[in-house]
Amino acid sequence: MSTTNPVRGRLNAGFFRLVDRYVHHVLGDRKAALFADLPGTVVELGAGTGANMRHYPAGTRLIAVEPNPPMHGPLRDAASRHGVELEIHAVGAEDTGLADGSIDAVVSTLVLCTVDDPGAVVAEVRRILRPGGRFLVLEHVAAPDGSPLARLQRGLRSGWRWAFEGCDLRRRHTGELLADAGFADVALERYRAGSVFLPVDDQVAGTLRR
Ligand SMILES: C[S@@+](CC[C@H](N)C(=O)[O-])C[C@H]1O[C@@H](n2cnc3c(N)ncnc32)[C@H](O)[C@@H]1O
């Protein structure tokens with residue numbers, strides 16, 4: 001989705017700020033490894049309230065593709081705290097408006113669960129990346145069928161989707177979608193994050209090179 005409910009949008013922005021330190025505690029090391037060696041300009045899809053800002057070296061130019069206005073204030077605050085030059089593009093990641101083959105690195109964390117058409121987003125990422133450019137992802141995915149976590153995800157799915165504005169706990173094909181999207185190199189790891197947020201604990205992360 002590329003618009004937000006004014007009330008839930010604000011609540012979500014508040015929620016992501018509230019859990020920021022905890023999420024960093026759980027995923028910080030993995031993200032630090034994933035985001036090592038970033039180029040000077042980075043495109044981040046669904047940058048939210050700026051959870052990844054701490055991983056961008058000061059002086060990085062960040063093009064944040066974030067359609068939801070309630071996220072923009074906290075995102076600007078986070079950018080100024082970390083010395084990141086922020087450009088917000090208030091559009092959906094399905095159509096960024098960026099030129100073909102113009103970008104060295106695209107980041108997406110916990111976003112492909114929420115967009116309406118993840119296939120279109122991944123195709124858009126391929127379009128804007130230069131040959132050799134990198135797509136760095138960290139996403140939650142559906143737990144294996146029959147597992148207790150899968151049952152929990154099914155039970156919470158519709159309420160969760162409403163509360164988190166489109167976030168689908170059972171979006172099962174994110175890993176496969178990435179692996180089959182036509183990138184030259186794909187290095188993805190599936191893991192359990194080990195957080196208290198069990199419904200989103202099953203995750204995939206890694207790098208795809210165009
Ligand atoms: C679960 S939050 C994750 C935020 C952040 N990436 C993080 O790791 O904390 C999902 C984000 O995707 C954004 N979003 C929703 N639909 C989108 C779309 N079509 N294109 C880009 N971002 C979108 C939401 O506004 C929200 O900021």
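Computed from a predicted model, the values in this text were never measured in an experiment. We count ligands from 1, going down the list as the structure has it; atoms in each ligand are counted the same way.
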Practice task
Report yes if A93 has an N/O atom closer than 3.5 Å to an N/O atom of ligand 1; otherwise report no.
Solution key: yes
Looking only at non-hydrogen atoms, the one of G9, G46, A120 nearest atom 11 (C) of ligand 1 is G46
Going by the 4.0 angstrom heavy-atom rule, the piece of A51 near ligand 1 is side chain
G48 heavy atoms within 4.0 Å reach ligand 1 at atoms 4 (C), 27 (O)
Exercise. Any N or O on K31 sitting closer than 3.5 Å to an N or O of ligand 1?
Worked result: no
Counting from 1 in the order shown, the ligand 1 atoms closer than 4.0 Å to a non-hydrogen atom of L110 are 1 (C), 2 (S), 3 (C), 10 (C)
Worksheet item: Any salt bridge between E139 and R171, counting N to O under 4.0 Å?
Response: no
Considering only NZ, NE, NH1 and NH2 on the basic side and carboxylate oxygens on the acidic side, decide whether R154 and D145 come within less than 4.0 Å.
yes
Of all heavy-atom pairs linking E165 and N5, the shortest is OE2-N, 2.8 Å
Q.
If you apply the rule side chain to side chain donor-acceptor pair (under 3.5 Å), what do you find for N52 with T109, and how did you get there?
A. CA-CA 8 Å; N52 297 325; T109 66; 2.9 Å; yes
For D77, is there an ion pair with R17 - N to carboxylate O distance below 4.0 angstrom? no
| Would you say N68 and ligand 1 have an N/O pair spaced under 3.5 Å apart? | yes
Hits for ring-ring contact (aromatic ring centres under 6.0 Å, His included) against H72, two or more places apart or cross-chain, chain-then-number order -> none
Checking heavy atoms under 4.0 Å, the part of N12 that sits near ligand 1 is neither
Does ligand 1 have an atom under 4.0 Å from some heavy atom of P67? yes
Contact region, F16 to ligand 1, non-hydrogen atoms below 4.0 Å, reads side chain
The answer for which part of T109 has a heavy atom under 4.0 Å from ligand 1 is both
Margin query: Tell me whether the rings of F197 and F15 are parallel (<30°), tilted (30 to 60°) or perpendicular (>60°).
Written below: perpendicular
Those residues at least two apart in sequence (or on a different chain) that pass salt bridge (charged side-chain N to carboxylate O under 4.0 Å, His left out) with E176 are none
Test side chain to side chain contact (heavy atoms under 4.5 Å, CB included), reference L62, set V42, V107, V43, output is V42
Quick note on ligand 1: atoms under 4.0 Å from a heavy atom of T114 include exactly 15 (C)
Taking only non-hydrogen atoms of E94 and a 4.0 Å limit, the atoms of ligand 1 in range are 19 (N)
Note: E66, heavy atoms under 4.0 Å from ligand 1, region reported as side chain
